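Numbering of ligands and ligand atoms starts at 1, following listing order. Remember, predicted model here, so these are calculated numbers, not experimental data.
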Amino acid sequence: DTAGHAHFLIKEISEQPSAVERTLSGRVDERFATAHLGGLNLDAREARAFRRVKILGCGSAYYSGELGAQLIEELARIPAHAEPASEFRYRNPVIEADTLYIAVSQSGETYDTLAAVQEIKRKGGRVLGVVNTVGSAIARECDGGVYLHAGPEISVASTKAFTSTAVAFALIALHFGRVHDLSPADGRRICAGLKALPGQIREILAKEEEIAKLAAQYAQNAGMMFVGRVRGWPVAREGAQKLKEVSYVHAEAYPASELKHGPLALIGPELPTVAVVPDDELVEKNLTTMGEIRARHGRVLMVGHTAPDPKYAEDCILIPKNEPELDPILLGIPLQLLAYHAAVALERDVDKPRNLAKSVTVE
Ligand code: BG6
């Protein structure tokens, strides 16, 4: 049951502090500034041997894999890419011995992801799972992996599993980083950042009422644009996905720097933009993009850490700052609340959106 919440979706959004605590539990090693993930079944020599990481998943699992690829590249400096598992399995993929494959799935039963894992194994590749459901088909098929321990997710739209997956990737990236060249000081910084996440997620959840008011306004538009750069880009993609899944408001995500190469033509008073703006070295670039949108009379809702000059954004959702590498995990949470409250305002079937299934176990 929904334990007093109006829907499973908001129950699961609210459960994220404890879901993240469980994903982290017993895995953060502050003494050696690393992460312990016994289920990976890789010793340090094997973990060093991979030259590339390829992450596979569907829907929100794929977008959380994009956050994971970003974390692995940043902390471990191993080239990493995410790809939809469905595309991968149908294109006769080249399987390389020095690539580590990682399959992401909340349910562990998504057929396209399972088929991708089977294809990798058939060709002799090494594949790990980042999976929520213990003993599921994908978990059993993989050579090892990380369980999320996020607890059951009932609502079709994924929220706590998405966030816990990103946290699991931060642990994997920290572990791989520390068998490569990530310094103990940086390792300790990430350990402290990980431990701060649950409390900071609670602070973001406390802004629900403020976000609900904005959602009710923005839901009146036929569509929305979501933009982000580098660390903000996977967050923007998942934000757009969440909005379209549960509210049926059309949403498009673009890398902020790509806007002027085409989609800027869409911008006007009738198409507002959500700008995901981490407080990193790209913040000025993001403000420039927001300025370009405002110059075309597009309304901007900024999700970030520091209030900009009001000329850049009509509306702002400000959230606490963690470490730059981990901030994307936090920036996704207000976008979940935005999608949820847009769906509520439009009286949608929040937990069971039309045409969708929680787990697609057929081709
Ligand atoms: C989709 C669901 O069909 O499957 C999404 O509607 C989900 O919410 C995706 O992200 C992948 O599911 P799983 O269980 O493999 O993470």
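- For ligand 1, the atoms lying closer than 4.0 Å to a non-hydrogen atom of Gln106 are 13 (P), 14 (O), 15 (O), 16 (O).
- Considering backbone and side-chain atoms together, Thr113 places no N or O closer than 3.5 Å to any N or O of ligand 1.
- Relative to atom 1 (C) of ligand 1, the option among Cys58, Pro353, Ala357 with the closest non-hydrogen atom is Ala357.
- Heavy-atom proximity to Ala61, at under 4.0 Å, picks out these atoms of ligand 1: 10 (O), 16 (O).
- Within the 4.0 Å heavy-atom criterion, both parts of Val156, backbone and side chain, lie near ligand 1.
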| query | Stepwise, does the side chain to side chain donor-acceptor pair (under 3.5 Å) test hold for Ser107 with Ser359? | reply | CA-CA 7 Å; Ser107 62; Ser359 175; 3.3 Å; yes
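- The pair Glu74-Arg231 meets the salt-bridge criterion, since a charged nitrogen lies less than 4.0 angstrom from a carboxylate oxygen.
- Pairs engaging residues 6-38 under the ring pair (Phe, Tyr, Trp, His ring centres under 6.0 Å) rule: His7-Tyr340 [sequence neighbours left out].
- In this structure, Leu356 has no heavy atom closer than 4.0 Å to ligand 1.
- Between Lys121 and Glu141 no salt bridge is recorded (no basic side-chain N to carboxylate O distance below 4.0 Å).
- Residue-ligand proximity, Thr110 to ligand 1, at heavy-atom distances under 4.0 Å covers atoms 11 (C), 12 (O), 13 (P), 14 (O), 15 (O).
- Between Ser247 and Arg348 the shortest heavy-atom distance is O-NE, 2.8 Å.
- Protein heavy atom closest to atom 10 (O) of ligand 1, with residue, atom name and distance, is Ser60 N, 3.1 Å.
- The protein heavy atom nearest to atom 4 (O) of ligand 1 is Lys358 O, 4.0 Å.
- Seen from the ring of Tyr218, Arg299 counts as a face-on cation partner, given the 6.0 Å and 45° thresholds.
- Residue, atom and distance of the protein heavy atom nearest to atom 14 (O) of ligand 1 are Ser107 OG, 2.6 Å.
- Between Glu21 and Arg202 there is a salt bridge, since a side-chain N of the basic residue sits under 4.0 Å from a carboxylate O of the acidic one.
- At a 4.0 Å cut-off, at least one heavy atom of Glu245 sits close enough to ligand 1 to count as contact.
- Each of Ile95, Leu128, Asp143 was checked for a side-chain contact (heavy atoms from CB on, under 4.5 Å) with Tyr101, and the lone residue meeting it is Ile95.
- Counting only residues at least two apart or in different chains, salt bridge (charged side-chain N to carboxylate O under 4.0 Å, His left out) contacts with residues 145-174 comprise Glu15-Lys160, Glu153-Lys358.
- With a heavy-atom cut-off of 4.0 Å, Ser359 does not touch ligand 1 at all.
- Annotation for ligand 1: atoms under 4.0 Å from non-hydrogen atoms of Val360 are 3 (O).
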